[in-house]
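Comments concern the structure below.
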2 protein chains.
Amino acid sequence: MSHPALAVTVDLVVLTVRAGALHVLLVERGEEPFLGRWALPGGFVRPDEDLPGAASRELQEETGLPRGLVHLEQVATYGAPDRDPRQRVVTVCYLALAPDLPVPRAGTDAADARWAPVADLPDLAFDHDVLLADAVERARAKLEYTPLATAFCPPEFTVAELRRVYEAVWGTTLDARNFHRKVTGAAGFLEPTGGTTTRDGGRPATLFRRGPATTLHPPLLR
Amino acid sequence: MSHPALAVTVDLVVLTVRAGALHVLLVERGEEPFLGRWALPGGFVRPDEDLPGAASRELQEETGLPRGLVHLEQVATYGAPDRDPRQRVVTVCYLALAPDLPVPRAGTDAADARWAPVADLPDLAFDHDVLLADAVERARAKLEYTPLATAFCPPEFTVAELRRVYEAVWGTTLDARNFHRKVTGAAGFLEPTGGTTTRDGGRPATLFRRGPATTLHPPLLR
DNA sequence: CCAAAAGTGTTACTCGTACACCCATGA
DNA sequence: TCATGGGTGTACGAGTAACACTTTTGG
């Protein structure tokens with residue numbers, strides 16, 4: 001049977017929380033088109049790998065993180081005929097949530113790489129501003145009803161650190177006392193490690209790790 | 001630049017409510033592989049059309065409905081290397097919600113077509129059981145916080161008809177009186193047309209059309 | 001009149017929010 | 001002892017669930 005063949009790529013929206021603000025990993029393009037412009041990391045899907053595998057491989061190539069430590073989920077697929085001026089490219093966009101990482105190294109075909117604050121972005125190559133906006137909205141929505149915010153935290157964290165993640169992603173301020181009750185009361189969300197820390201000053205705060213829950217009951221509201 | 005070329009298809013999960021139960025449009029395959037097995041309708045993306053355009057065209061070819069009358073949204077993309085035994089195929093799955101339609105005609109490359117109850121399905125070709133399950137779960141979730149249930153209704157409908165949609169999609173029963181208060185109280189969900197009908201028997205019911213709201217405040221809960 | 005479905009009123013309970021208040025540490 | 005953030009108690013209002021009750025039609 002005959003059929004049109006298209007190029008298929010995977011693009012990544014890698015988010016982290018740094019200095020109280022949501023940041024995204026961008027790479028500077030080292031070739032045409034959009035030479036010198038900032039873009040989302042990504043690359044072609046290889047013939048022998050599936051879509052999550054391609055996303056995971058690209059993520060490792062860009063961040064150097066071991067696979068499996070970072071939350072990774074598919075967001076949407078974009079395939080307008082003119083979105084790449086060279087050829088027809090359909091791209092599957094993945095969202096990755098990572099704890100605060102060292103400044104990334106440049107990838108194989110990228111001139112440079114950096115964390116950019118989502119609130120103050122440069123013009124992006126291709127339709128990557130749309131991909132990014134959709135992925136950020138997905139992340140914001142998922143914080144409400146899943147324990148995904150813990151993906152931004154180190155293995156052990158305090159309730160205040162978790163709250164600052166929510167405040168950074170949602171761009172709001174939350175009542176620290178009600179937030180504490182809600183997250184510690186949601187079954188399976190947080191497990192105390194037994195330890196405490198005073199790294200935030202004041203009274204020692206209980207340290208938690210992520211619990212087994214996959215959804216939050218009741219959900220946290222923006 | 002060199003890159004691997006893949007086939008890209010669009011598959012459709014077309015849902016409707018018939019006889020109080022959720023149904024999906026299936027086609028019988030007229031060629032190998034999976035000859036004679038039931039599958040989701042779909043086809044290759046053409047070089048000159050975007051993804052929503054391909055989904056809309058396939059939908060029209062399978063149902064004969066004019067474009068734009070049916071809700072259509074992307075669900076997810078599937079690309080395991082072995083999901084089609086002939087060749088590498090990446091498929092973008094779309095969800096369509098339609099009012100009760102006449103029995104569909106067979107498409108161009110389908111031997112037959114029918115509405116199948118989602119609660120009692122045959123074995124499907126390829127990984128279409130997964131695509132279907134993901135799309136149905138998306139539809140169920142969206143009824144909670146969007147006015148999407150109206151996409152299953154004719155242009156003018158009663159609150160009871162809308163309630164039977166929710167009951168069919170969720171597989172639950174709902175309190176008719178509380179449901180009435182909730183949907184008529186949600187701003188922008190329903191607009192009275194001024195007319196009434198007794199087609200359900202009993203006291204005449206007010207007829208409504210879909211309102212301008214895109215999200216429901218407060219949401220309806222399962 | 002009776003059955004059936006539409007639509008309203010009422011009550012008890014749950015949950016989110018706001019905020020007063022106390023606790024445990026470092027300086 | 002004071003400042004700082006951690007954590008608890010409590011009261012008020014909004015929203016939900018359960019269900020008694022009234023309304024308006026067809027037969």
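Numbers restart at 1 for each chain; the letters A, B, ... are given by sequence-line order, proteins then strands.
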Can you tell me how far SG of A/Cys153 sits from CG of A/Asp100, rounded to the nearest 0.5 angstrom?
11.0 Å
Straight-line distance of A/Glu73 CD to A/Arg138 CZ, nearest 0.5 Å:
5.0 Å
Given atom CZ of A/Phe179 and atom P of D/dG6, what is their separation to the nearest angstrom?
11 Å
Between C1' on C/dA3 and CG on B/Asp200, what's the gap in Å once rounded to a whole number?
15 Å
In residues 143-161 of chain B, which ones come under 4.0 Å of DNA chain D, going by heavy atoms?
none
Atom CG of A/Leu220 and atom C1' of C/dC15: how far apart are they, to the nearest Å?
13 Å
Of all heavy-atom pairs between B/His71 and B/Ala151, which one has the smallest distance, and what is that distance?
CB-CB, 4.0 Å
Given protein heavy atoms under 4.0 Å, the one-letter contact record of nucleotides 19-27 of chain C, with B base, S sugar-phosphate only and - none, is simply BBB-BBB--
Expected output: side-chain B/Tyr94 to main-chain B/Val10 donor-acceptor under 3.5 Å
no
Quick one: does any side-chain atom of A/Thr16 pair with a main-chain N or O of A/Pro99 as donor and acceptor, under 3.5 Å?
yes
Which residues pass the salt bridge (Lys or Arg N to Asp or Glu O under 4.0 Å) test with A/Arg181, sequence neighbours left out?
none
Over how many whole Å does the gap from B/Arg199 atom CZ to D/dT25 atom P extend?
16 Å
Between A/Thr215 and A/Tyr145, is there a donor-acceptor pair closer than 3.5 Å when you use the side chain of the first and the backbone of the second?
no
Taking only side-chain nitrogens and oxygens of A/Lys182, does any of them come within less than 4.0 Å of OP1 or OP2 of C/dT17?
yes
Is the side chain of B/Thr184 donor-acceptor paired with the backbone N or O of B/His180 at a distance under 3.5 Å, no angle test?
yes
Mind listing the closest non-hydrogen atom pair of A/Phe152 and A/Leu97 along with its distance?
CZ-CD2, 3.4 Å
Within the 4.0 Å heavy-atom criterion, would you say B/Thr184 contacts the bases, only the backbone, or no part of the nucleic acid?
nothing
Does A/Arg210 reach the main-chain N or O of A/Thr150 with its side chain, forming a donor-acceptor pair under 3.5 Å?
no
What are the two closest non-hydrogen atoms of A/Ala54 and A/Val45, and how far apart are they?
CB-CG2, 4.1 Å
Report each atom pair, protein N/O against N/O of nucleotides 13-15 of chain D, whose distance is under 3.5 angstrom.
none

Under 3.5 Å: donor-acceptor pair, side chain of A/Thr63, backbone of A/Leu59:
yes
Presence of salt bridge, A/Arg222 and A/Glu137, under 4.0 angstrom:
yes
Quick test of your reading: applying side-chain hydrogen bond (donor to acceptor under 3.5 Å, both in side chains), list the pairs with at least one residue in residues 121-130 of chain B, sequence neighbours left out, ordered by first then second residue.
B/Asp11-B/His128, B/Arg83-B/Asp127
It should be established whether B/His180 places a side-chain nitrogen or oxygen under 4.0 Å from OP1 or OP2 of nucleotide C/dG7.
yes
Just the rounded figure in Å: distance from C1' of C/dG16 to CZ of A/Arg222.
17 Å
Please report the distance, rounded to the nearest Å, between NE2 in A/His217 and C1' in C/dG16.
17 Å
Check the distance between C/dA6's P and B/Leu162's CG and give it to me in whole angstrom.
12 Å
Please report the end-to-end axis angle for the helix from C/dC1-D/dG27 to C/dA27-D/dT1, five pairs per end, rounded to 10 degrees.
10°
